[in-house]
Asker: 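Pasting a structure below so you can have a look.
Every value quoted in this text rests on a predicted model; they were computed, and no experiment measured them.
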Amino acid sequence: MDFLSFISFIFAILLGYVVGSVNFSIIVTKYVGKFDIHTKGSGNAGGTNVARTMGAKYGISVMLIEFVKCLLVGLFCRYIFPVDPFSLGFIGPIFSGYAAVFGCLIGNIFPMFHGFSGGGKGVVVTAASICLVDWRIFLVLLAVFLVIFFITRMVSAGSLVGALAIPVCVTVVYHGYEYWYLLLIIAILMSAVVIIRHRKNIVRIFKGEENKFSFGRKNR
């Protein structure tokens with residue numbers, strides 16, 4: 001590992017963190033909705049809560065913007081500015097992009113522009129990372145999320161089951177590739193972060209108290 005490659009790798013993570021720290025849920029609700037998203041709905045600064053408090057068009061728009069911005073950072077670090085400080089060969093550029101989106105995930109949860117707290121739960125960012133690595137896995141996980149969501153009407157349930165499926169899908173697709181386990185490690189970390197961020201939702205689900213979502217309702 002040479003020093004320049006290592007610094008470039010750290011730069012990719014920091015770039016992802018800075019981009020991830022720009023939380024559009026907070027921005028849209030503050031400047032368009034004229035309220036603090038942390039005081040409305042579930043109190044979470046995520047697209048689901050934006051949809052719950054401002055309506056579906058705003059919530060979906062925020063989710064798409066968050067998804068695209070994180071995916072672009074990952075694509076940049078995979079194809080335009082790839083670094084392979086660990087000499088991983090085929091996996092190297094993928095790992096580089098993956099690391100950048102992982103930085104986005106941390107920024108989404110602990111945004112530097114919003115006091116390092118009050119961020120989202122990282123579900124959309126995680127989806128972007130999966131799409132970056134393999135669109136086939138992304139489509140499978142999206143299908144899993146939608147099935148669970150339409151059965152339970154709970155975004156949290158779909159997100160949790162989808163998160164649990166990430167390491168499984170990565171293993172099925174990439175098992176056998178050299179250094180594939182590094183992708184699995186980050187997949188497990190991302191899955192764990194999403195699950196931990198949903199710990200309160202898990203308690204409410206088991207108690208039967210989790211809110212069921214309706215895009216047609218605003219809870220201001």
Asker: Are any side-chain N or O atoms of H38 and backbone N or O atoms of A45, one a donor and one an acceptor, separated by less than 3.5 Å?
Answerer: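 No: the side chain of H38 does not pair with the backbone of A45.
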
Asker: In terms of hydrophobic clustering (I, L, V, M, F, W, Y; side-chain heavy atoms under 4.5 Å; direct or indirect links), are I27 and V50 co-clustered?
Answerer: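 Yes.
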
Asker: What distance do I26 atom CD1 and S21 atom OG have between them, rounded to the nearest 0.5 Å?
Answerer: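 The OG atom of S21 is 10.0 Å from CD1 of I26, to the nearest 0.5 Å.
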
Asker: Under a 4.5 Å side-chain heavy-atom rule over Ile, Leu, Val, Met, Phe, Trp and Tyr, are I65 and Y17 clustered together?
Answerer: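 The answer is yes; both residues are in one hydrophobic cluster.
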
Asker: Would you mind listing the cluster partners of V123? Hydrophobic ones only (ILVMFWY), side-chain contacts under 4.5 Å, chaining allowed.
Answerer: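 Members besides V123, by chain and number: V194.
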
Asker: If hydrophobic clusters are built by linking Ile, Leu, Val, Met, Phe, Trp and Tyr wherever their side-chain heavy atoms come under 4.5 Å apart, do V172 and L184 end up in the same one?
Answerer: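 V172 and L184: separate clusters.
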
Asker: Could you tell me whether R204 and E209 make a salt bridge, using a distance below 4.0 angstrom between a side-chain N and a carboxylate O?
Answerer: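 Salt bridge absent between R204 and E209.
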
Asker: Test of understanding: clusters of I, L, V, M, F, W, Y form through side-chain heavy atoms closer than 4.5 Å, transitively. Do V19 and F9 belong to the same one?
Answerer: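 They do share one cluster, since a chain of ILVMFWY contacts under 4.5 Å joins V19 to F9.
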
Asker: Restricting to pairs with a member in residues 116-132, which pass salt bridge (charged side-chain N to carboxylate O under 4.0 Å, His left out), not counting sequence neighbours?
Answerer: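 Sorted result for residues 116-132: empty, none.
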
Asker: Just jot down the side-chain contact (heavy atoms from CB on, under 4.5 Å) partners of L14, sequence neighbours excluded, or say none.
Answerer: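 Listed in chain order: I10.
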
Asker: With a 4.5 Å cut-off on side-chain heavy atoms, are L72 and V68 touching?
Answerer: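 Contact flag for V68/L72 side chains = yes.
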
Asker: Does V155 reach the side chain of N201, with side-chain heavy atoms less than 4.5 Å apart?
Answerer: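 The answer is no, as the side chains (C-beta and beyond) never meet within the 4.5 Å cut-off.
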
Asker: Is T171 close to W180 at the side-chain level, that is, under 4.5 Å between some pair of heavy atoms?
Answerer: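 Yes, close enough: below the 4.5 Å cut-off.
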
Asker: Any chance you could measure F11, atom CZ, to I13, atom CD1, to the nearest 0.5 Å?
Answerer: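 That separation rounds to 11.5 Å.
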
Asker: Quick one: side-chain contact (heavy atoms from CB on, under 4.5 Å) partners of V32, sequence neighbours excluded?
Answerer: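 Applying side-chain contact (heavy atoms from CB on, under 4.5 Å) to V32 gives V28, M54, Y58.
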
Asker: Can you check whether V124 reaches C70 side chain to side chain, under 4.5 Å on heavy atoms?
Answerer: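 No - every pair of side-chain heavy atoms lies 4.5 Å or more apart.
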
Asker: Determine which pairs satisfy side chain to side chain donor-acceptor pair (under 3.5 Å) with at least one residue from residues 182-193, sequence neighbours left out, and list them in order.
Answerer: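 Counting only pairs at least two positions apart or across chains, no side chain to side chain donor-acceptor pair (under 3.5 Å) contact touches residues 182-193.
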
Asker: Does atom CZ of F67 have more than 12 heavy-atom neighbours from other groups under 6.0 Å away?
Answerer: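 Buried by this count: over 12 neighbours within 6.0 Å.
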
Asker: OG1 of T39 to CZ of F35: how many Å apart, nearest 0.5 Å?
Answerer: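 Rounded to the nearest 0.5 Å, the OG1-CZ separation comes to 7.5 Å.
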
Asker: Would you please name every residue forming a side-chain contact (heavy atoms from CB on, under 4.5 Å) with N49, sequence neighbours left out?
Answerer: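 Residues passing side-chain contact (heavy atoms from CB on, under 4.5 Å) with N49: I37, S42, R52, T53.
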
Asker: Can you list every pair that meets side chain to side chain donor-acceptor pair (under 3.5 Å) and has a residue in residues 69-78, with sequence neighbours left out?
Answerer: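 Matches after skipping sequence neighbours: E66-K69.
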
Asker: Excluding sequence neighbours, so at least two apart, what forms side-chain contact (heavy atoms from CB on, under 4.5 Å) with L164?
Answerer: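 L164 satisfies side-chain contact (heavy atoms from CB on, under 4.5 Å) with I195 once adjacent residues are dropped.
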
Asker: Please set out all donor-acceptor pairs under 3.5 angstrom arising from side-chain atoms of residues 127-152, sequence neighbours excluded.
Answerer:
{"unit_1": "S129", "atom_1": "OG", "unit_2": "T126", "atom_2": "O", "d": "2.6"}
{"unit_1": "D134", "atom_1": "OD1", "unit_2": "R136", "atom_2": "N", "d": "2.9"}
{"unit_1": "D134", "atom_1": "OD1", "unit_2": "R136", "atom_2": "NE", "d": "2.9"}
{"unit_1": "D134", "atom_1": "OD2", "unit_2": "R136", "atom_2": "NE", "d": "3.3"}
{"unit_1": "D134", "atom_1": "OD2", "unit_2": "R136", "atom_2": "NH2", "d": "2.5"}
{"unit_1": "D134", "atom_1": "OD2", "unit_2": "Y174", "atom_2": "OH", "d": "3.2"}
{"unit_1": "T152", "atom_1": "OG1", "unit_2": "I148", "atom_2": "O", "d": "2.8"}
{"unit_1": "T152", "atom_1": "OG1", "unit_2": "M154", "atom_2": "N", "d": "3.1"}

Asker: If you measure from CD1 on I202 to CG on L160, what distance do you get to the nearest 0.5 Å?
Answerer: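 It comes to 5.0 Å.
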
Asker: List in chain and number order the residues that pass side-chain hydrogen bond (donor to acceptor under 3.5 Å, both in side chains) with T48, two or more places apart in sequence or in another chain; answer none if no residue qualifies.
Answerer: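 Scan of T48 (side-chain hydrogen bond (donor to acceptor under 3.5 Å, both in side chains), adjacent residues dropped) gives none.
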
Asker: In a table with atom names and distances, give each donor-acceptor pair under 3.5 Å that connects a side chain of residues 96-114 to protein atoms at least two apart or in another chain.
Answerer:
{"unit_1": "S96", "atom_1": "OG", "unit_2": "C77", "atom_2": "O", "d": "2.9"}
{"unit_1": "N108", "atom_1": "OD1", "unit_2": "G122", "atom_2": "N", "d": "3.2"}

